[in-house]
Amino acid sequence: MDLEKCFFLDSFDRNVTAQSRADSHRLGVAVQIGTVRYKGLFLQDPLAVPWPVVDYLADQLGVGDASQAKKYAERPKTTYEHAWMIRDTYGYHAFDDTSSWGERQLMRQFRTFLHGRAWTHAEGPVALFEQSVAWLRWHRVVLPGVPVRWMKTLAKCGAGSKAPALDRLVEPRRTATLLAVTRSLEAEAIDDALDLFALLMATRLTSPARRKSADERLRMLPRLERASKLVAKAGRVLVDHLDLVDQQGAASIWQRCGPRWPRSPAPARNRSALRWTWWRN
């Protein structure tokens, strides 16, 4: 659904990509168009997307070799210039840009939406953050991204601070700190749950199964030993008889085996005894 919704190229998108002649550049521009629709920002590495996305765009553009896209990032300035071209062509706005009246009005609308959502919905900070991202993407606002190191620093600072100290923080640092702490605790809880699940799998399921399998193998060892000795004897008899056929003919086998294995079928109750006598001898 997201692939078709965000990375489908209509006639306007095709006209934008057609401004580039090289297949690698046309694919790169198409990837950046779909990426800013899907994530709301331009990636530092434009090709850091799942490869099926590139294949999907290559089919739409009629590019036979999708690997041509790997040449797109060889010149970083080109990807940067194309990002600005896409921003101007599609009317995207920077998150922190308030240089024009329209952009200032857009930010006021966003604050109104955020305040109304917070007061009218019983949502936690994570859900409120996701709703805000969806609103900004819908109104074509380029998101600033989430620097991982900064998030970790905020989470560490918030986790080591007391409630009064957090309450004295000014906005938007207070909200950002609380959100970073929440996401950090959520990630730690998931990691702990996965570790506990792995421990339970090892102690309650895997280890008993291994012990049971080992016990069964130990119980089968005497039977395997007897069977292997029987097979070894049968193999020696078979080899001797095959050598005898080569030297004296098939009739000699019956002469040699006659006392041990009669030609006429024995009664069912005595067959196992006769067979064991033949192998043993």
Side-chain angles (χ1 to χ4, degrees), residues 1-100 102-103 105-107 109-110 113 126-127 129-152 176 179-180 183 187 190:
M1 180 65 69
D2 292 334
L3 184 67
E4 296 180 356
K5 180 179 179 181
C6 298
F7 291 92
F8 175 77
L9 302 177
D10 56 18
S11 58
F12 184 81
D13 300 330
R14 294 174 185 271
N15 291 332
V16 174
T17 58
Q19 298 178 16
S20 301
R21 296 182 179 179
D23 290 342
S24 59
H25 285 191
R26 292 196 295 131
L27 275 175
V29 171
V31 169
Q32 293 213 68
I33 291 173
T35 301
V36 74
R37 287 175 182 167
Y38 180 71
K39 296 187 68 69
L41 50 83
F42 295 99
L43 300 179
Q44 185 176 2
D45 180 9
L47 300 180
V49 297
W51 194 252
V53 171
V54 182
D55 289 333
Y56 181 69
L57 294 171
D59 291 339
Q60 297 182 69
L61 295 176
V63 178
D65 186 8
S67 63
Q68 293 290 328
K70 297 179 180 179
K71 301 178 182 179
Y72 180 64
E74 292 178 353
R75 184 173 178 266
K77 186 177 180 181
T78 300
T79 62
Y80 181 77
E81 292 173 349
H82 286 168
W84 275 98
M85 181 270 293
I86 294 171
R87 173 183 168 178
D88 295 338
T89 303
Y90 288 86
Y92 282 94
H93 308 277
F95 179 79
D96 54 353
D97 189 2
T98 57
S99 58
S100 64
E103 290 167 343
Q105 183 68 16
L106 184 63
M107 287 298 102
Q109 293 177 7
F110 172 65
F113 162 80
V126 176
F129 177 79
E130 293 175 351
Q131 291 294 332
S132 301
V133 170
W135 191 95
L136 293 171
R137 287 173 50 194
W138 177 258
H139 290 82
R140 295 189 177 183
V141 176
V142 180
L143 303 178
V146 185
V148 178
R149 183 177 300 178
W150 178 240
M151 289 288 291
K152 290 183 178 179
L179 178 61
R183 296 302 294 267
I190 293 175

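From a predicted model like this one, the values you see are computed outputs, not experimental measurements.
Between Y92 and V141 the shortest heavy-atom distance is CD2-N, 4.3 Å. Across all non-hydrogen atoms, the minimal contact from L9 to A30 is CD1-CB, 4.1 Å. Closest non-hydrogen pair, L27 versus L57, comes out as CD2-C, 4.0 Å.
Once rounded to the nearest 0.5 Å, the distance linking OH of Y56 with CG of L61 reads 11.0 Å. A distance of 13.0 Å separates CZ in F8 from CD1 in I33, rounded to the nearest 0.5 Å. Rounded to the nearest 0.5 angstrom, R26 CZ and H82 NE2 are separated by 12.5 Å.
Remark: K70 is positioned above the aromatic ring of W51, its terminal NZ or CZ atom under 6.0 angstrom from the ring centre and at most 45 degrees off the axis.
Within 6.0 Å of CZ on F12 lie more than 12 heavy atoms contributed by other residues, nucleotides or ligands.
Classified by interplanar angle (parallel below 30°, tilted 30° to 60°, perpendicular above 60°), the ring pair F7/Y38 is tilted.
Residues passing the ring pair (Phe, Tyr, Trp, His ring centres under 6.0 Å) test with W135, sequence neighbours excluded: F110, F113, H139. In terms of the side chain to side chain donor-acceptor pair (under 3.5 Å) criterion, R183 has no residue partners (sequence neighbours excluded). Taking the salt bridge (Lys or Arg N to Asp or Glu O under 4.0 Å) definition, one finds that R137 meets it with nothing, sequence neighbours left out.
The closest donor-acceptor contact from the side chain of Q68 to the backbone of D23 lies at 3.5 Å or more, if one exists at all. Q32 places no side-chain N or O within donor-acceptor distance of the main-chain N or O of P46, the cut-off being under 3.5 Å. The backbone N or O of I86 sits nowhere less than 3.5 Å from a side-chain atom of T89 that would complete a donor-acceptor pair.
R37 has its side chain within reach of D13: a pair of non-hydrogen atoms, C-beta onward, lies under 4.5 Å apart.
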